[in-house]
Structures are given as structure tokens and as C-alpha cells.
Number of protein chains: 2
Amino acid sequence: MSLEEVAKRAGVSTATVSRVLNNLEIVRPATKARVLKAIAELNYQPNLHARTLAGGRSNTIGMIASNLENPFFFDVFRSLEAQARSHGYEVVVAHTDYDSERLVRSVRLMIGRRVAGLAVVVSEMDPALIKELHAARTPCVFYDVGKPQERMTNIRVNYRHGIERLVEYLHDLGHSRFAFVGHHSTLAPTSERESAFLASVKRFAPAVEWRTDADRDSFEGGKLAALRVLASGFSPTAFICVNDIMAVGVLRALREKGLRVPEDVSVTGFDNVRLAEFSEPPLTSVHIPRDEIGRLAFAALIPDKELPNIAGQEIVIEPEVVLRASTARAKR
Amino acid sequence: MSLEEVAKRAGVSTATVSRVLNNLEIVRPATKARVLKAIAELNYQPNLHARTLAGGRSNTIGMIASNLENPFFFDVFRSLEAQARSHGYEVVVAHTDYDSERLVRSVRLMIGRRVAGLAVVVSEMDPALIKELHAARTPCVFYDVGKPQERMTNIRVNYRHGIERLVEYLHDLGHSRFAFVGHHSTLAPTSERESAFLASVKRFAPAVEWRTDADRDSFEGGKLAALRVLASGFSPTAFICVNDIMAVGVLRALREKGLRVPEDVSVTGFDNVRLAEFSEPPLTSVHIPRDEIGRLAFAALIPDKELPNIAGQEIVIEPEVVLRASTARAKR
DNA sequence: TTGAAAGCGCTACCAG
DNA sequence: CTGGTAGCGCTTTCAA
């Protein structure tokens, strides 16, 4: 099923069919109707590869995420996709599962697809890969990695502030022993959160004790990390978790150990995904506006003449603490 | 950056470059090395569209899901993708959000991409769309919709048995007033689950009362449905939910109404996703093997000479009840 | 307003 | 083992 068959059936040239397909308004209505009829009768679907190749431009946007299973990433995807769709673009997602090999593969695949733009929402990224993207002239937007440059936009969250506010709040409630639960502690945003945690603890509570532990980015990972902290003999008054998913795992671990939240121990999440409201108890968290991130990402990749152009810039988002029932005054 | 430039730089023909790209073992090692060097120096990435177009075959598999945010779908995706990757295929996912317009768009897009195969994991599907897929000669595998035919495989779960076992179990515990919480009750699998629910209730407990309610497939949806049931004046001894996500929403609603689970009311989920173990209380659920579904889907699309060929068949999966803490003997 | 034809970048067949 | 070259299905000038 090709353009040519449609053209033959409609008694026109392939050029005309192409014009109809692309809605070029220079086709006589009668001709257009005939072509449309042929298309419908033949159940014709244009070959996107041929189209992209001949046209020299793609209308698909790529997105690469570390862990689409974590609703944080999914929410960004959803928002980006909504923007894309309303502007006539498609988005293709790849999920790397925090695996750098898969990241490399995904990036190359996106370059091979000659995507119109690429949103990279991963924890860590080899600068060499960014170079490849730059060499391929792919417009990119990075979340939390890289530096702004030509064709490369940056969106980041001021974790430091988010964590500072959390620690300050807990400190005010009388907490004095903190545990920090992250994942793959070597990863950039995690470690930024971790270092922000350490800095905050020192600043607001120089005399307090703390401990950190990390595992996979999942419920299970949060649970294991918490169990390890507890097994080490340290008994924190508060667990600060790198995200809400891990916090839910921590809640389970505490419950299994017979500790009540927030009566005995306080727990905080991060990101403020929907689950934070539905966990038991609901989680005090730090809101990161995924919708806005998705919108900004699209705007950075496909600038709109109407809106201010943010391509090539660095955008910093200020997070906000959301109080719920998982935190309370520390037991004395 | 094209094949030709690489060829020029390596001092060979484009045909030879193509051969080394495709690992055809008939290239002299020395030549191959030169080509590889040129590729690396130029940072060349082959244009996938040109490749697919010229080769006449794609190595990407498509998957369309109703709601990738629900871990059930994501787990199937993950499993399918693992299979695909290990066989040299890529997978492109689309998420329709239960919107039939988006389903149509996604299907056409996949046809336009000339995917090697398409896995459709949605709740409902217009037979006309299946016809389009058939006309496009796209190998397909459907989960819970359609009928097996040429190039079309079917995977389904025996919901009836799953629900029957759940109802029987609850009935044995003395439950007598059931509520069924679903989403978009008009959708096929939901309604299959709903009708299975009704049939089971009548069979195991002909004298009991029941009520059904439905909403969006999300935490919020489950919560709203439960609140509606309660507001109607009906007070069930057990809530049977169409999946674990909605069950978590139900748990929240019950807690807000001051009802304890399982002391006052029992709640069951379905699918047995990871969250079922991490909710509070952990959910009694019905296990659906997403891994197996993903593996079967791949096998149906890309038959392996070694394995038995399941393409064109109908495969029925038997679910199994998993008991956890959200169910208990009914209050008298 | 329409058609003819030259590519887009790659694969695959046929020679050599 | 390597090169030449005819397409793959579409878009896009350039003419008509």
C-alpha cells in the first residue's frame, strides 16, 4: 500500500496525493475529494519512515527516563506528551532502568530516529553522550544533568532548598536523629539531595546525629534501606527519603518493626506524587511540579513564536514542602 | 552525516559501509577496521528511517496500553521490552488513557511505522480498528480483546475464576454484603469482571446484597467510588475492586469514614502489583502474571524457531488468589 | 492547480 | 570480498 497506488486509483500524480496528505491548500476540492476517497477505500496509511526521510524532518519527540515506573517520571512524560500532541508531535519514550548501557543505547536510538527534540530525564549522564547529542545537532532538554549550551536547555530543581526546609521543619519539631534514604547514592540528583541533606543537618542542627543508606528506587529498596538503618543500631527520630516511592517502602519497614508513624518516627517523601496522598499515613513531601517540567521541556525543544524562548537557558524550579500526617513532634 | 560520507572517508563504497554496519561477515578485517574508524571519527549514527525503508522491515515492536500509570500495564511493558531487547528489537509504547480517539491515532501511527508487531493491551477495541490492523498485515497480539485469527493472537485471563474464588473465599468468611468497584463500567474487561462478580455472588451467596460503582482507574477513582457506595446508605462487609490501584483508593475512603480494614470491612484488589504488598494493610489480591503475558506477547509476535509457535492462538491464563491482611472474617 | 522527476539515506542484488 | 546501482515510499522543486 503506497502513495503510488493511491495516486493511480485517484487518477492523479503522487505529488498531488502528497499534497492532499499534507493539507496543502492548493489542491482543487474536487481533486482532493477523489484522493481522499481513494485513500479511504484502500485503507492507506502513509509510511512514516519514507515521510521523515523525504521530508528531512521528524515530528516525533523523544524522552528518556530512568524509571518510568516511578510516577514522577511518568507525570513528566504525560505532561510533555499532552503538549506534544496538541502541537502535532508524537513522543517516543525510552526507559533505562538506571542502566548506563541502556542510556547509551537509547540516546543513539533517538539520534538514529532523528527526533525533533529529546528530553532527557535521568539521574546521571556521561558528558561524552551529551557531546554525541550535540554533534548530532539534536535539540535537547535535560532535567538535573548537564549545563546549558547551544541547543541544550536545562531544567533543575533547587533540591537544596527543598531539603533545607524539610530539615528545618523537622528540627523545629524537636527531631535530633535523622536517617537519609536514597537510591544508588552515586547518582547525581540523589547525591545532590544527599549532600543537601548533610549540609542542612549541619546547618540547622549541628549537634544531631545522622545516617544515610541507599538501595534501588522502589518500594522494596526503601524498605531494605530502612531495615538496614534500624539493624545498624541507630534509631532515627525521622527518615528523610529521596522520593515518595522509597518513603512508602520505609513506612512498611517501620510498621514491621512495630514503630508507629508519626508517633514514634517521622517520615518524609519527596516529589509529592499522587501516592503520597494515598499512603498510610499520607506523606509529608516536597512538591515538584511535574506538569510544569513537562511544559517547559516541550517549550525548550519546540519554541513557540508566541511564547518567550527558553531554549539554551537554565531554569530553576523552587520546590515547596507539603505537610501531611507522616511527620509530628519528636518523642522526647 | 550519512553513509556516503563515511564511505568517502574510509575509501570504500557505501555498500561496504552498509555491510559492516550490519555485521555481514564477508568484509575483510582490514577494510572493516577502516570503516569502523571512519564511523567513530565522524560520530556517525545511521538513519533508522532510511534503514527501515530500504530494508523493508522494521525491528521495532509497538505496544499500546490504556494506562501506563497503572503498574499492571507497566509490568507487561517491562517484560515485553526485556524480551524484545534480548532479541534485537526495540519497543515503542503508546498510552491512550482509555480514550478511543487516542487509540485510533496510536494504532494508525503504529501502522505508519510499519512495526514488526503490535501488542495491544487496552480495555476495549472497535472491531473496525482490528480490521485496519489486519488489512495492514501487522502481526498483533491482543490482551483481553478480539478473537484469534490470521496474524492475530489472543491472550486472556480467566477473570471469572479469579472473581469466583474471591467471592467464595469471602463468602466462607461470612461476608454477605458486597460492593464491586470498577472503572468505566462500559469497558470490556471491567465489565467482564463485573459480570463475573455478579454471577459469582449469585452462585455462592444467592441471598446476599451487592452494589457496584465505577470511576476512573486511579487512586482517586477508587476513593470516590467507595465514598459513593457508602453515601448511598449501603454498608458492604466487603469491597471487591477491579484492580489494586483502585483498592488503595478504597482503603483511603474507608479510613476517612472511620472504618477499619479488615476489622470492619474487607477489601480485595486484583492484579497483585507490587503496591499490593506495600499498602496498609497489604491487599488480598488475585495474581495476574504480567511477566508471562509480556513473554507470551513477544513470542506471539516474533515466533522463535526453537519454541512452540503460539501465533494465531488463544491463550488463557488462570489467575490465583493471594491472601493478605485486607480481608478477614465478617463482623456479625 | 497539477505532473515529472530528483533526491532523502540506506539495503540488497548483480557483477567483477 | 568489494563496488555499482536500483529501488524503498515519500516530499519538493521546477515546469507546464
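No hydrogens, no waters, no symmetry mates; every other heavy atom, side chains included, goes into these values. These numbers were taken from a predicted model, which means no experiment stands behind them. Within every chain, numbering begins at 1; the chains are lettered A, B, ... in the order of the sequence lines, protein sequences first and strands thereafter.
- Picking from dC10(D), dA5(C), dT2(C) the nucleotide with the shortest atom distance to the side chain of T16(A) gives dT2(C).
- Side-chain proximity of Y44(B) to the nucleotides dA5(C), dT11(C), dC10(C) is greatest for dC10(C).
- Here R57(B) lies in heavy-atom contact (under 4.0 Å) with sugar-phosphate atoms only.
- Ring geometry for H49(B) against H49(A) counts as tilted: the plane angle lies between 30° and 60°, on a 0 to 90° scale.
- In this structure, F77(B) and H95(A) have perpendicular ring planes: the angle between them is above 60°, well past the 30° mark.
- Taking for each of T14(A) and V12(B) the nucleotide of DNA chain D with the nearest heavy atom, the 5'-most of the two is the partner of V12(B).
- Residues P29(B) and A50(B) both approach DNA chain D. Their nearest nucleotides, taken by heavy-atom distance, put P29(B) toward the 5′ side.
- A donor-acceptor distance shorter than 3.5 angstrom exists from the side chain of R290(B) to the backbone of D271(B), with no hydrogens or angles considered.
- Residue contacts shown for G56(A) are absent, as no nucleic acid heavy atom lies under 4.0 Å away.
- Across all strands, S18(A) comes closer than 4.0 Å to base atoms (heavy-atom distances).
- Contact annotation: side chain of R19(B) to base of dG3(D), donor-acceptor pair present below 3.5 Å.
- Relative to the side chain of V27(A), the nucleotides dT2(C), dT2(D), dA5(C) differ in distance, and dT2(C) lies closest.
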